Every structure is written in structure tokens, then in C-alpha cells.
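What follows is a single structure, written as C-alpha cells, with notes after it.
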Amino acid sequence: LEAAVNPPAVHINYNNFPAKLWRLINNPQNDSVFWSPDGESVIVDQQRFEDELLSPLKQDAKLFKTTNFTSFIRQLNLYGFRKVCDRSFKDRRRNLHHFHNPVFRQGRPELLVHMKRLTISNKAKMEAGEQVTCRHILKVT
Amino acid sequence: LEAAVNPPAVHINYNNFPAKLWRLINNPQNDSVFWSPDGESVIVDQQRFEDELLSPLKQDAKLFKTTNFTSFIRQLNLYGFRKVCDRSFKDRRRNLHHFHNPVFRQGRPELLVHMKRLTISNKAKMEAGEQVTCRHILKVT
Amino acid sequence: LEAAVNPPAVHINYNNFPAKLWRLINNPQNDSVFWSPDGESVIVDQQRFEDELLSPLKQDAKLFKTTNFTSFIRQLNLYGFRKVCDRSFKDRRRNLHHFHNPVFRQGRPELLVHMKRLTISNKAKMEAGEQVTCRHILKVT
DNA sequence: AGCGTTCTAGAATATTCGAAG
DNA sequence: CCTTCGAATATTCTAGAACGC
């Protein structure tokens, strides 16, 4: 309860995928990634995302090195996002992708520390009950 | 605007990495490190860099203690440079590395004071909104 | 040798992927899929392919049911195509994909009957030396 | 049962980072 | 702060799996 009132400061690594996605979705300037109405999942407008964030013409301030939308999808899956098939978000002209991750929720940055990168070796470790090191979480002694 | 015309004198520690890189890239004698055409990023010719700056044969005027190119790359990353994969700079014969840092730009020495050495503790402090002291910046106010 | 002079009539199923790709690449009207200069591999211009063949706006004459380029790539891989990384075909503005399959070559339609759909079960059969049935090949003896 | 489509994951390589000296 | 090394992350290409036809 106390934790809810005074949430511990969360420090996630600025350059890693979870932090980038968190900044993007909470950035009012950005209109290619946004929260679903219930704040429980992520919606990505593929065309805008490609135009504004992946275009090779905008080399400088690029958040991602890739120019392929599929690489972004691979990252989402690696960090535990699963696609939600929601008819109400279908749009004939726009390609809207709807992804859910239980530890990526609007207004809950403290959950981000539970993100795991689901590589084979990490999954094996988790199976065996071992610790998984996650570099996106800053250890602030 | 005034700053652009009369940039304030910049004082960064002569022997630290940012200053060394700044001197190198602006030294017409040097041909292993140079600005990209738009002045927004750094291009390094690995062969020349190794031959002219890292070779143990040139003990005298050696700028760096290391003889490994990878250590130089580690420094670039530590100071916030990220590799840019730009197809147009590919050269079959030369190994050209293209790195970008928003505060390392041609003709903008005043930006150098914003360079941060991205150690874990510095990153955590920055996440928490605290000041980060950098020894490479000489305070001469 | 005689076969090269008088190649046996080849009949592949009109609606299956190999036939569709063959028609596309040999159709002068189409400019999104074409042969590499040596006729040994396939080059796909992603933007044009999406615009002209996958766009949901062109419902009528659509060759494929999908609107996703990735589904097309999945088909290429399923039929044994592998990506070729050829620098000389890089284009900053266009996304050109270069795929190779030893049995898909310009002017050699008779090779198409050797195309296999590499599903798990087909691969297992081939490992065991069994026949693989391919519905895209019309048996017209 | 085979094919097309979709979503997710495996595998390989390139890049970046943490930690120790 | 610099250097080194090993490990985590990012990116790319290919494949597994599930489903509908």
C-alpha cells in the first residue's frame, strides 16, 4: 500500500527498447504509438510509424537503427507483447496493430522493471528458476 | 543567435576523450577521423586510425594508450555516440564507421559541455533528474 | 541435352504461389518484381509491390489475399527462396529485396516442378527419402 | 492433406553496455 | 577516466505453429 502511495523511483535504461517505447507512447508529440482507451495495451499505426520513425531519410534523430517495421514487431514479441485481435480497431486505410503486455500499462511505470527479454537462454533460466539479468533496469545502489 | 556568431569560449579538459576527438576531427593534418558532409556525425577510417593513431610503433605522439580499435569504439559509446548505418558511406575497400552524437557537431564547440560519460551511476542520476558532474568540463566561469 | 532443346511441357497450378510469382516476374506490365541482371534471382521493390499488389484499395484484381508484405516473404521462404545481400542493389529510397532459389530462373520454367513447399512434414519426408506431393504441379501425363 | 495467411520464435550477427582492473 | 572483456541487446532472416479454406 505504501508503495502505491510512494512508488519507488524507477530507473530504466534510456536506450533500451522498453524505455524507448515508454517515451514514445507517452510523448504527446508522437502520433504513431498510443494507448488503447483502457490504457491496457499499445496501438501502433504502421504507416505513421514507418514514415516518422523508421524512414532512412531522417538519419539523425532516429530512435531505432532499423528501417523495417518487422524488426519493431520482433522487439515487441521479444519483450513479451502479444497481438490482440480487436475488430473495433480495424481501419480499411490504416494498419493499426494492437499489442498487449501485462507489465506495460498506462500510468504504471513501476511495472516496467518486470519486463523480460524472452531470449532462449533467458527462458531456460526462468524455467530453472534462476535469476535473469535485465540490462534495461538500472541498478541504483 | 548571438551564441552562434560569438560562441562562448569552451573549456574542456584537454586530455579527456571529448577534447581529443574534437582536436582530431578538426585537425587538417589528420585524415582518419572527419566530419560527415552535413557536419552532423563523425566518420572514422579504421585502417588509417589504427595505422596513424593506435600503432605501437608510434609511441611518441600517441594520443591514446590503447592499441585496440575496439577500445576507441567503447569510448565513443561511453560518451553517447551511436553507430549510424548509412548505406551511402559503404566503401568496399575501406572500413568506414559512422557515429552520431547530437552534442558533437561541426562548428558547435559550445555543445561539448553537454557530453556525459554514460556510466551506470551517471545514467541513474540523469534518470532521476539530478546533475551530473563531468570532469572533462573545466569550470571557468 | 534433348530436354534443353525440346523442354517437356510444364504444368503448374495456376493459383498456387510458384505460378503466381512466375507470371508476375515475366509480366512486362508489372514493375514491382523483376529478374536480377543475370536472371538467377528475384528482385522485389517493396513499396511498389505493396502499392500495386497488396493495397486493400485494389480489391478486384488482387493476386494475393494478404495485405502484408511479410506474408509474401513467408511464402518465398516456404518455397525455398533465400535472401541475397547485394550491396549494389541498395537504394536509399527504395526497399529492394533480392531473393534466390536455384530452381527459379529466368527462361527455365521446367525447373519449377522441383519447387517444394518446405513445411515441417515435407522436410521430414524429404529427410526420410520419401516422395513429397506438391499440389502446385499438375500431373498431365 | 495441401495451401495461404498470420503471429511468434529460433538463430546468427552486429552493436552496445556493465563491471573490473 | 581509460582500457579490456564478456555478456546483453538490436537487427535481420528464416522457420515453427495454428487456423481457415
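These numbers come from a predicted model, not from an experiment.
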Q: Give the rounded distance in Å between these two atoms: NZ of A:K116 and P of E:dA10.
A: 15 Å
Q.
My understanding is that only residues two or more places apart in sequence, or in another chain, count here; which of them pass ring-ring contact (aromatic ring centres under 6.0 Å, His included) with A:H136?
A. A:Y79
Q.
If I take atom CG in residue C:N122 and atom P in nucleotide E:dG16, what distance separates them, rounded to the nearest angstrom?
A. 12 Å
Q) Can you name the residues that form a salt bridge (charged side-chain N to carboxylate O under 4.0 Å, His left out) with A:R117, not counting sequence neighbours? A) none
Q) Which residues satisfy the side chain to side chain contact (heavy atoms under 4.5 Å, CB included) test with A:Y14, sequence neighbours excluded? A) A:R23, B:E127
Q: Over 60° means perpendicular and under 30° means parallel, so classify the ring planes of A:F99 and A:F81, tilted if in between.
A: perpendicular
Q: Report which part of the nucleic acid A:T133 touches: base, sugar-phosphate, or nothing (heavy-atom distance under 4.0 Å, all strands).
A: sugar-phosphate
Q. How close or far is atom C1' of E:dA10 from atom OH of A:Y14, stated in whole angstroms?
A. 18 Å
Q: State, to the nearest 10°, the angle formed by the axis through the first five base pairs of the helix from D:dG2-E:dC21 to D:dG21-E:dC2 and the axis through its last five.
A: 30°
Q) E:dA10, E:dT9, E:dT4: which one has an atom nearest the side-chain heavy atoms of A:F17? A) E:dA10
Q: Could you list the residues that satisfy side chain to side chain contact (heavy atoms under 4.5 Å, CB included) with A:T70, not counting sequence neighbours?
A: A:N68, C:T70
Q. Looking at E:dA10, E:dT4, D:dG4, which one has an atom nearest to any side-chain atom of B:T66?
A. E:dT4
**Q.** Partners meeting side chain to side chain contact (heavy atoms under 4.5 Å, CB included) with A:D51 (sequence neighbours left out)
**A.** none
(Q) For nucleotides 16-21 of chain D, give me one character per nucleotide, 5' to 3': B if any protein heavy atom sits under 4.0 Å from the base, S if the only such contacts are to the sugar-phosphate, - if neither. (A) BBBS--
Q. Once you round it to whole Å, what is the distance between P of D:dA1 and CD of C:Q131?
A. 18 Å
**Q.** Between D:dC3 (C1') and C:I12 (CD1): distance, integer Å
**A.** 14 Å
Q.
Can you pull out every salt bridge (Lys or Arg N to Asp or Glu O under 4.0 Å) where at least one residue sits in residues 67-84 of chain A? Sequence neighbours excluded, please.
A. none
Q: Whole angstrom is fine here: how far is it from NE2 in A:H100 over to P in D:dC7?
A: 16 Å
Q | Whole-Å gap separating P (E:dC2) and CG (B:L76) | A | 12 Å
**Q.** A:H100: partners by ring-ring contact (aromatic ring centres under 6.0 Å, His included), with sequence neighbours left out
**A.** none
